[in-house]
Protein chains: 2
Amino acid sequence: MSLKQGGKADIVDVARRARVSISTVSRSFNHPDLVNPATRKKIERAVQALGYIRNRAAQTMHGRRSGTIGLIVPTIDNAIFAEVIQSFSDAVDHAGFTLLIASHGFDLDREYAVLRKFLEHRVDGVALIGLDHSEPTFQLLDQQAVPVISIWNYEADSRISCVGAKNYDAGRMAAEHLVELGHRRIALVFPVTIGNDRARGRLGGAVEVLQDQGALPPEEWTIQSPYNIAEAKEACGALFDLPECPSAVLCGNDVIAQGVIYALLKRGLKVPEDVSVMGIGDFKGSKEMEPALTTIHFPAHEIGGLAGREMCQLIAQSEPPNKVASLIRTKCDIRLSARATCRAV
Amino acid sequence: MSLKQGGKADIVDVARRARVSISTVSRSFNHPDLVNPATRKKIERAVQALGYIRNRAAQTMHGRRSGTIGLIVPTIDNAIFAEVIQSFSDAVDHAGFTLLIASHGFDLDREYAVLRKFLEHRVDGVALIGLDHSEPTFQLLDQQAVPVISIWNYEADSRISCVGAKNYDAGRMAAEHLVELGHRRIALVFPVTIGNDRARGRLGGAVEVLQDQGALPPEEWTIQSPYNIAEAKEACGALFDLPECPSAVLCGNDVIAQGVIYALLKRGLKVPEDVSVMGIGDFKGSKEMEPALTTIHFPAHEIGGLAGREMCQLIAQSEPPNKVASLIRTKCDIRLSARATCRAV
DNA sequence: AGATTTTATGAAAACATTTGCATTACTATT
DNA sequence: AATAGTAATGCAAATGTTTTCATAAAATCT
C-alpha cells in the first residue's frame, strides 16, 4: 500500500510524498549540498517508503553521461582475457561506472556491430582489445568522438589510446631465451594472425630472431592452433611423431603451451629433458604448474586496472561533451620468467 | 559537412533531411512494415549521410524495454564462471540484448549494491549465480518485479527461476565413486561455504556419503582453500607431509584439483598411483590434462546458453510490464567422468 | 533598519524518442 | 460512382529526468 500500484515509483511520486517539488528531489540526489538537510531527510524517507529507484535512462537522455563503459573482447572464457576483464571491471566499477560487455570471437565485423550497439546505448567510453580493427570501426569511433582505449598492445604511433605491452618484444624475448639456451631446432605453435595483432607481433618477433640465427623452422614445424588446450594438444601431436623432433617448442601463449606439454606427456616424453616448452603470457596458474612454465610475463592484472583507470580519466577529460580527449599511451613492461620447462642443450 | 556540427545527429535531423516526420522515422526503425519501402529508403539514406545512431536511452525512458540484461557473478577471471558467462553472453547477444556485467567477489552485500545499480539502468532482466542471496536482494527483486533467473543451481523449491544442477548430487557422486574404488582415507579440499551454496551443497553431499561409510575425514584432512590453483597448491601441501597420508583427495572443483595435483607432483608423489584426485566441474581442459582428471561433469556451456534463452523468454513473458512472469526451473544432468586420476585400491 | 548577500525552493523548458489518434490518399466492393 | 476499407503519414502528448532562471525567505552587513 505504500507502493504505487505499478510497483514503480517515479520522481514525481517521491516529490508528492515528501511535499516538495521535483526539482528539489532531483537536486537532493545530484547536488545534496544545495538542499536543506531537513528536506533531504524527508525526501530520503519518501524514497524508502516508495521503493523508488532512479532512472538512469532519463538522466542519460538529458545529455549527462550514461555512467556506462563498453568493453569489447574476442572471447570471455579464455584465460588470456578473463584476468584483464576482471581487473578492468573492478577499476570502472570502483569509479561508479557500469560495464557493458560483449565478445566477437575474433571477427572484426562483429566487433563493429557490437560497437554500434554500445553507441546506441550511449556508453561514455569504449575499450577494445588490441590495435587491429576494421576501418569502419576507427571511423565510427572518430566520428562519434567517444573516448576509447585499446588494451593489451602498446604502439608508439597507435591511432587510439592504448595501454599494454609490445607483443613483438615478447616474441623476441621468448626466441632469444631459447636460442641462448642453445636451441636451434625450434617449432612454433601460433594461432591464425589475421585480425589478431597480438599473435602477429609475437610471431613476427620470434621469427625475426630465429631468422638472424639461421634457425627458421621448416614448414612442418610451424603449427597453427587456436588459443585452446584441447585443440593445441591435438594440433601439435604430429610434431612429435616426426622422424626428427624439435628440441624446443615456442608457443603463442600459455594455453597453447599447456596443450603442447600434455601432448608430450601423453607420448611419454619428458619436459624439459626431452623437449623444452616456452609460453607467452604468464597466466594465472602457469607458475604453479609442475614443472613450472617458462614464459614471458605480461602484467595482465596491472594492464586491466590501468586501462580502467585511464578510461575513466579520458571520460573526465572529454567533459564537456565534444571536447576531444587527448591520446594516452602507456607501455607496460614484460619480462622473461625463466622457470622449469626450458633447459639448456 | 554532411554531419551536424556536434557530430551527433538526432532523429529530427534525419526526419528533416529525409523530408518526412519524426514519427515516420521512428516507425521505420521499430515497425518497418508500416512504412512505405520508398520512404524507408529515403530515411535509410539520410541516416547514412548523417551518421545517425539511435538513442536507446530515449526509448528506454519511454517505458519500453531497455534491451539490456544484467549478469551478476562472484568473479569473472575464474575457469568456473568464464564458460557460463560466455555462453550466456552469446545467447542474449543473439536475441539482440546487451549484457551488463559485474562481479561481487562472493560478497552478498556488494551483490545487492550491484543489483540496485543495474535496476537504475532499467535492465530488462537479471541473472545471478546460485540461490544464496541476501534478503534485501530477494525483496528488491520482488518489489521491482524484474524477470530474474539463477544460474548454476537447481532447487525444486527455489524462490526464483533457476537453471542448473544439484550440487548436492555432485558431491555425493564424487564421494561415492571414491568409495566404490575402495578408498576410505579421503581428504576434502573445499572453499568457504558461507554465501556459496554451490560449495555448501557439494560438501554436504560428500560428507553425507562419507559419514554413511564411517569414512568421515579427521579435522586435519579437511582443508579450506579458495578456487585458485596457487592457493590450493599451497593450502593442501601440509596434507601430504603428514605421517599418515590420505589415499584420495576430493576437491571442491577442478581448479582446486589441479592445485592439489601440482602439490603432489612437487613432492614426487604420483597421481593416481600414490594418491587419487577427484575434481568437480569438468572445466575446459580437465579432459586434456595428463593424467586426465576424473571429475563430475557440469554442462557449463549448456547451462549458460539455456539460462540466456530462458531469460529472454521470461522477459517476453513479462510483457506487458508489471505482468509477473511465472517461474521456470530447469534441471541439468551431471554425470561422473571417470578418467585417469583416480584408481581402485 | 534598510540594503545586500546567501540559501533554499519551485516553475518550466529541454532532452530524444514512441505511440495513440487523426488525417489523407489510395484501392477494392457493390 | 458512391462507399467502405486499407495503407501511409503527421500531430502532439507522454516518458522521467536535469537544469536554468526566477523568487522567496533568511542571514549578514553597514
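Naming convention: chains lettered A, B, ... in sequence-line order (proteins, then strands); numbering from 1 in each chain.
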Expressed in angstrom and rounded to an integer, what is the separation of [X] atom [atom1] from [N] atom [atom2]?
X: B:R40; N: D:dT9; atom1: CZ; atom2: C1'; value: 14 Å
X: B:M61; N: C:dA14; atom1: CE; atom2: C1'; value: 11 Å
X: A:N55; N: C:dT17; atom1: CG; atom2: C1'; value: 13 Å
X: B:H31; N: D:dA8; atom1: NE2; atom2: P; value: 15 Å
X: B:K42; N: D:dA8; atom1: NZ; atom2: P; value: 13 Å
X: B:L34; N: C:dG20; atom1: CG; atom2: P; value: 11 Å
X: B:R56; N: C:dT18; atom1: CZ; atom2: P; value: 10 Å
X: B:N30; N: C:dG20; atom1: CG; atom2: P; value: 12 Å

Proximal nucleotide (of [options]) relative to the [X] side chain:
X: A:Q59; options: D:dG10, D:dT18, D:dT15; result: D:dT18
X: B:A58; options: D:dT18, C:dA16, C:dG10; result: C:dA16
X: A:I22; options: D:dT15, C:dT18, D:dT17; result: D:dT17
X: B:R122; options: C:dA16, D:dT17, D:dT18; result: D:dT17
X: B:N36; options: D:dA8, C:dT17, C:dT9; result: D:dA8
X: B:I11; options: D:dT19, D:dG16, C:dT18; result: C:dT18
X: A:R64; options: C:dT18, D:dG16, D:dT19; result: D:dT19
X: B:D10; options: C:dT17, C:dC15, D:dG10; result: C:dT17
X: B:R27; options: D:dG16, C:dT18, D:dT9; result: D:dT9
X: A:S23; options: D:dT17, D:dT9, C:dA12; result: C:dA12

Modelled atom types, side-chain donor and acceptor of [X] and [Y], under 3.5 Å:
X: B:T75; Y: A:Q86; result: no
X: A:T24; Y: A:S21; result: yes
X: B:S134; Y: B:E111; result: no
X: B:S161; Y: B:E310; result: no

Would a 4.5 Å heavy-atom cut-off, applied to side chains only, mark B:R329 and B:S158 as touching?
yes
Base, sugar-phosphate, or nothing for A:Y52, non-hydrogen atoms under 4.0 angstrom?
sugar-phosphate
By nearest heavy atom, map A:T39 and B:V12 onto DNA chain C; which one lands nearer the 5' end?
A:T39
Is it the case that D:dT15 (base atoms only) and B:H62 (side chain only) share a donor and an acceptor within less than 3.5 Å, ignoring hydrogens and angles?
no
Option among B:L141, B:V73, B:L71 that satisfies the side-chain contact (heavy atoms from CB on, under 4.5 Å) test with B:L128
B:L141
Taking 4.0 Å as the cut-off, does a side-chain nitrogen or oxygen of B:T24 come that near to OP1 or OP2 on D:dG10?
yes
Below 4.0 Å: OP1/OP2 of D:dT18 and any side-chain N or O of A:S26
yes
Taking the nucleotide of DNA chain D with the nearest heavy atom to each, does B:P37 or A:I53 sit closer to the 5' end?
B:P37
